[in-house]
Peer 1: 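The structure is given below, and queries will be raised subsequently.
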Amino acid sequence: MLEEIAPTLLVKHKTKEEKRLPPLPNAEFGKVVTRLPPEPSGYMHIGHAMSGILNYIYAKMYDGKLWLRFEDTNPRKVKLEYYENFRKGYKWFGIEWDYEKCNSEDLNLYYEYANELIRKGLAYVCFCSKEEMSKGRFMMVGCAHREQPVQLNLSLWKEMLSGELEEGAAVLRLKGDMTSKNTVMRDPTLFRIIEHPHPIVGDKYRVWPTYDIAAAVEDAICGVTHVLRSSEFALRDELQNYIRSLLGLQNPVFVEYSRFEFKGTPLAKREIRRLIEQGIVSRWDDPRLATVDGIKRRGLLPEAIKEFTISQTGLTYTKRVYAWELLYAINRRMLDPIAKRYFFVPDPILVEVEGAPELHVELPLHPSEPLGKRLVHVGNKLYIPRRDLQGLKKGDVLRLKYLYNISIKDVANDFVNANFVCREVIEGVPIVQWVTEDYVNVRVFVPDVLYQDNGELNPDSLKIVHGFGEKACIEIKHGERVQFERFGFCIRDDANALDFIFIHT
RNA sequence: GCUCCGGUAGUAUAGCCCGGUCAAGUAUACCGGCCUUUCGAGCCGGUGACCCGGGUUCAAAUCCCGGCCGGAGCACCA
C-alpha cells in the first residue's frame, strides 16, 4: 500500500534506519552533552570533521547539547586564524553547536582550582628540569619538591603567577601516584609558565594550565556527559577523572575510538608543513590533502563524509586506514543525480565527417534528471578522444553521442577522415563524446594519494590532463561539480580559468 | 624497553559484554547478467573473512592462557 502511494518515502526511511550509530552508553534522552574540542593550532582536517560529526550526531540523536570549546591553553601554539578555520569547517559539515567558549577565558577559574589543590596538599611547585622529572617518572620515584610544606607551595605558586619565577623555572605538579602503571598518573604537570602573548587574552596571563587539568575542569563545568574522542587520549581518562574527584566535579562517560586515517594521506601538521615547504604540495588547501579546505576543493560533499562516518566507521580501538574508494563510492552516488553532464575530450583528435548534415542539437545536461539542456551547433569538423580510435580500422563504426554514427575511413596522425552513416542509434556501436570547433581549452588536475603503499612519495600525485571542453563549459560555476561524460566527476577550481579538479570516476 | 588496547573477506565494518539462531550480516572492490545514446548511476546474481596454537564446554568469532602482528601512551602538546 505505502509502496504504491509513496515509494520514495519508504526507501528513505529504510536507509536511514540502516545507518544509525550504535546507542551511547548511559545516555538519557534530553540530557546528553557532547563537545567539539579543537586546538586552534593548525587547519582543520577530515579527522576533526569525523570526530565532530560523531559528537554532533549523538547530541542530536538524544536531543542533547553540543559545545564548541577551543582548547587554547598553549599560547605558543594557537593562532587566531585557526579558530575561524574550525568554525567554518564545522559549519561546512552542517554541524551546529549550542554553546561556544575558549578555555583561555577561564584562567582565573583554573587558578582557583590550583589554589584548592595546593591548600589540600595535592599539588606542589616543582623545580626539577624536564629531564629530571622524566627520569623520576620513569623510575617511579618522586622528587624532593614533592614533600614541600603547603605554605611554601602556596607562596611559590604566587611567585609563578607574579613573574618572580620565569618560564621553565618551575611548574605546578599534581601529587599523583609515582608507582602507577599508568604513566600519566605519575605527578603530571598541571600548570607551566609560558611567556608568550595569547591571540585572545594577550599577555594578561603567564601561567597556563596543561591539557589534563583544563579538559578535566571544562568537561565538568560545561556539563559534558559524553566525551567522544580518539583513543590516544584513553590513558588520560584516569587522570582527568582523578583530578575531578579531587575537585568534587562530575565525570563524563568516555567513548574512544582509533584515529581516522586515510590511505596515503598525511594528517599530521608537521608533515603537511614539511610537504608545503618542500614544494610537494602547494598549500593547506591542496586537493591531495585531507584538510577540510583540501577536500572541499577536491569536490567531496560534506554529506558524503557524514554518511561515511556513520556507515563505514566503527567505534573501535582497532587501528584502521580507510581506502578513499569507500568515500568516493558514497560521494559518487550523491553526485550522480545532481551533477550536470558535459563533454570533455582529453587528448583530442580532429575528425572530419564527409556527408554530415549541419545540425543544431539540444543535448540534455543529465540523462534522467531535469537539469536543463545546452544547444550545440555542429558542422562537419569535430574532436573526439584519441584513445577511442585505438584498435579501430577502416569501416568501423562509431557513434557520436546524441549526434550520429560515423564510419572510419582514414586515420592519420592528427586527423581522421570519416563518413556519415546515419542518425539513428545502432545497437552495439561504441558511443563517444565529442566537441565542435568552438571548443574551449580545459585543464583537469587529477589528484592521487601523496604516498604510495611502500611509504614513498607518489611521483604522480597530481597529473594534469589537457583537452577540449564543449563551449558550454564556460557556464560551469566556480566550485560546481559536474560530470565530464566517460571521463569522471570534476569540480571547477577557478572562477576565471577553465581549471577543474578530478573527483573520481 | 615498560604499560594499556586491539586483531572478522582486497578494504571498511556488524556480531564478541549476555557462548548455540553465525555453514558469519552489510558497504565497497572484483566477476557475471539486466538496464542505459557515458567506461556514470541503478537493478539482479556470484567469489571472498573469524591471526596462530592450546584450554574450558555437549557447543567458541564469542570465555581463559600463550604466541605472533598492529596501535596508543611513557611532554612544562593537545
Peer 1: Expressed as a whole number of Å, how far does the P atom of A59(B) sit from that of G15(B)?
Peer 2: 26 Å
Peer 1: Rounding to an integer number of angstrom, what distance separates A23(B) and A60(B) when you compare their C1' atoms?
Peer 2: 15 Å
Peer 1: If you assign Pro22(A) and Ser231(A) each to the RNA chain B nucleotide with the nearest heavy atom, which residue ends up on the more 5' nucleotide?
Peer 2: Pro22(A)
Peer 1: My understanding is that a pair needs two contacts under 3.5 Å, Watson-Crick or G-U wobble. By that rule, which nucleotide pairs with U3(B)?
Peer 2: A72(B)
Peer 1: Under 3.5 Å for both donor-acceptor distances, Watson-Crick or wobble: does G66(B) have a partner, and if so which one?
Peer 2: C52(B)
Peer 1: Should Thr183(A) be listed as having a side-chain N or O under 4.0 Å from OP1 or OP2 of C74(B)?
Peer 2: no
Peer 1: Which part of the nucleic acid, if any, lies within reach of Ser134(A) when heavy atoms closer than 4.0 Å are counted: base, sugar-phosphate only, or nothing?
Peer 2: sugar-phosphate
Peer 1: When rounded to the nearest Å, what value does the distance between C1' atoms of G10(B) and C5(B) take?
Peer 2: 26 Å
Peer 1: Just call it for Ser41(A): base, sugar-phosphate, or nothing, with non-hydrogen atoms closer than 4.0 Å on any strand.
Peer 2: nothing
Peer 1: How would you label the contact of Gly488(A) with the nucleic acid (heavy atoms, under 4.0 Å): base, sugar-phosphate, or nothing?
Peer 2: nothing
Peer 1: For Phe484(A), answer base if it contacts any base atom (sugar-phosphate contacts may also be present), sugar-phosphate if it contacts only those atoms, and nothing otherwise; contact means non-hydrogen atoms under 4.0 Å.
Peer 2: nothing
Peer 1: Can you give one letter per nucleotide of nucleotides 40-45 of chain B, 5' to 3': B if a protein heavy atom sits under 4.0 Å from the base, S if only from the sugar-phosphate, - if neither?
Peer 2: BSS---
Peer 1: Distance check, C1' atoms only: A61(B) and C17(B), in whole angstrom units.
Peer 2: 14 Å
Peer 1: Regarding Thr505(A) and Tyr328(A), do their side chains bring together a donor and an acceptor under 3.5 Å, going by distance alone?
Peer 2: no
Peer 1: Under the 6.0 Å and 45° cation-pi test, does Lys401(A) pair with Trp434(A)?
Peer 2: no
Peer 1: Using atom CE of Met133(A) as one end and atom P of C76(B) as the other, report the distance to the nearest whole Å.
Peer 2: 8 Å
Peer 1: For the residue pair Phe308(A) and Phe262(A), categorise the inter-ring angle as parallel (less than 30°), tilted (30 to 60°) or perpendicular (more than 60°).
Peer 2: tilted
Peer 1: Is any side-chain heavy atom of Arg236(A) closer than 4.5 Å to a side-chain heavy atom of Asn182(A)?
Peer 2: no
Peer 1: Establish, from distance only, whether the side-chain atoms of Thr73(A) and Asn103(A) form a donor-acceptor pair under 3.5 Å.
Peer 2: no
Peer 1: For C4(B), take OP1 and OP2 only and decide whether either is under 4.0 Å from a side-chain N or O of Lys181(A).
Peer 2: yes
Peer 1: In terms of side-chain heavy atoms, does Lys269(A) have a donor or acceptor partner in Ser41(A) at a distance below 3.5 Å?
Peer 2: yes
Peer 1: My understanding is that a pair needs two contacts under 3.5 Å, Watson-Crick or G-U wobble. By that rule, which nucleotide pairs with C43(B)?
Peer 2: G33(B)
Peer 1: Across the strands shown, which category fits Asp388(A) at heavy-atom distances under 4.0 angstrom: base, sugar-phosphate, nothing?
Peer 2: base
Peer 1: Please state the C1' separation for the pair G48(B) and A27(B) - nearest whole angstrom.
Peer 2: 14 Å
Peer 1: Is it true that Lys263(A) and Glu325(A) have a side-chain N and a carboxylate O under 4.0 angstrom from each other?
Peer 2: no
Peer 1: I'd like the P distance from C52(B) over to U8(B), given in whole Å.
Peer 2: 11 Å
Peer 1: Under 4.0 Å, heavy atoms only, any strand: does Arg387(A) hit a base, just the sugar-phosphate, or nothing?
Peer 2: base
Peer 1: Just by distance, no angles: are the side chains of His198(A) and Asp203(A) close enough, under 3.5 Å, to form a donor-acceptor pair?
Peer 2: no
Peer 1: Using purine N1 to pyrimidine N3 plus N6-O4 or O6-N4 for Watson-Crick, or N1-O2 and O6-N3 for G-U wobble, both under 3.5 Å, which nucleotide pairs with C16(B)?
Peer 2: none
Peer 1: Which value, in whole Å, describes the distance between the P atoms of nucleotides C43(B) and U28(B)?
Peer 2: 9 Å
Peer 1: Reckon Ala234(A) touches a base, only the sugar-phosphate, or nothing at all at heavy-atom distances under 4.0 Å?
Peer 2: nothing
Peer 1: Round to the nearest Å and state the distance from Asp177(A) atom CG to C4(B) atom P.
Peer 2: 14 Å
Peer 1: So which nucleotide does C77(B) pair with, by the Watson-Crick or G-U wobble rule with both distances under 3.5 Å?
Peer 2: none
Peer 1: Using a heavy-atom cut-off of 4.0 Å across all strands, would you classify Asn74(A) as base, sugar-phosphate, or nothing?
Peer 2: sugar-phosphate
Peer 1: Side chains of Ser258(A) and Arg320(A): do they bring a donor and an acceptor to under 3.5 Å?
Peer 2: yes
Peer 1: Between Lys401(A) and Val321(A), which is nearer to the 5' end of RNA chain B once each is assigned its nearest nucleotide?
Peer 2: Val321(A)
Peer 1: For A27(B), give the paired nucleotide (Watson-Crick: N1-N3 plus N6-O4 or O6-N4; G-U: N1-O2 and O6-N3; both under 3.5 Å), or none.
Peer 2: U11(B)
Peer 1: Once you apply the 3.5 Å cut-off to both distances, tell me the Watson-Crick or G-U wobble partner of A61(B), or none.
Peer 2: none
Peer 1: Give Arg320(A) one of three labels, base, sugar-phosphate or nothing, depending on what nucleic acid heavy atoms sit under 4.0 Å from its own.
Peer 2: sugar-phosphate
Peer 1: Do Tyr43(A) and Glu81(A) pair up side chain to side chain, a donor and an acceptor below 3.5 Å, judged on atom types alone?
Peer 2: yes
Peer 1: Does a side-chain N or O from Tyr322(A) land closer than 4.0 Å to OP1 or OP2 of U13(B), or not?
Peer 2: yes
Peer 1: Phosphate oxygens OP1/OP2 of C76(B): is one of them under 4.0 Å from a side-chain N or O of Arg173(A)?
Peer 2: yes
Peer 1: What distance, rounded to whole Å, do you find between the two C1' atoms, one in A9(B) and one in C76(B)?
Peer 2: 48 Å
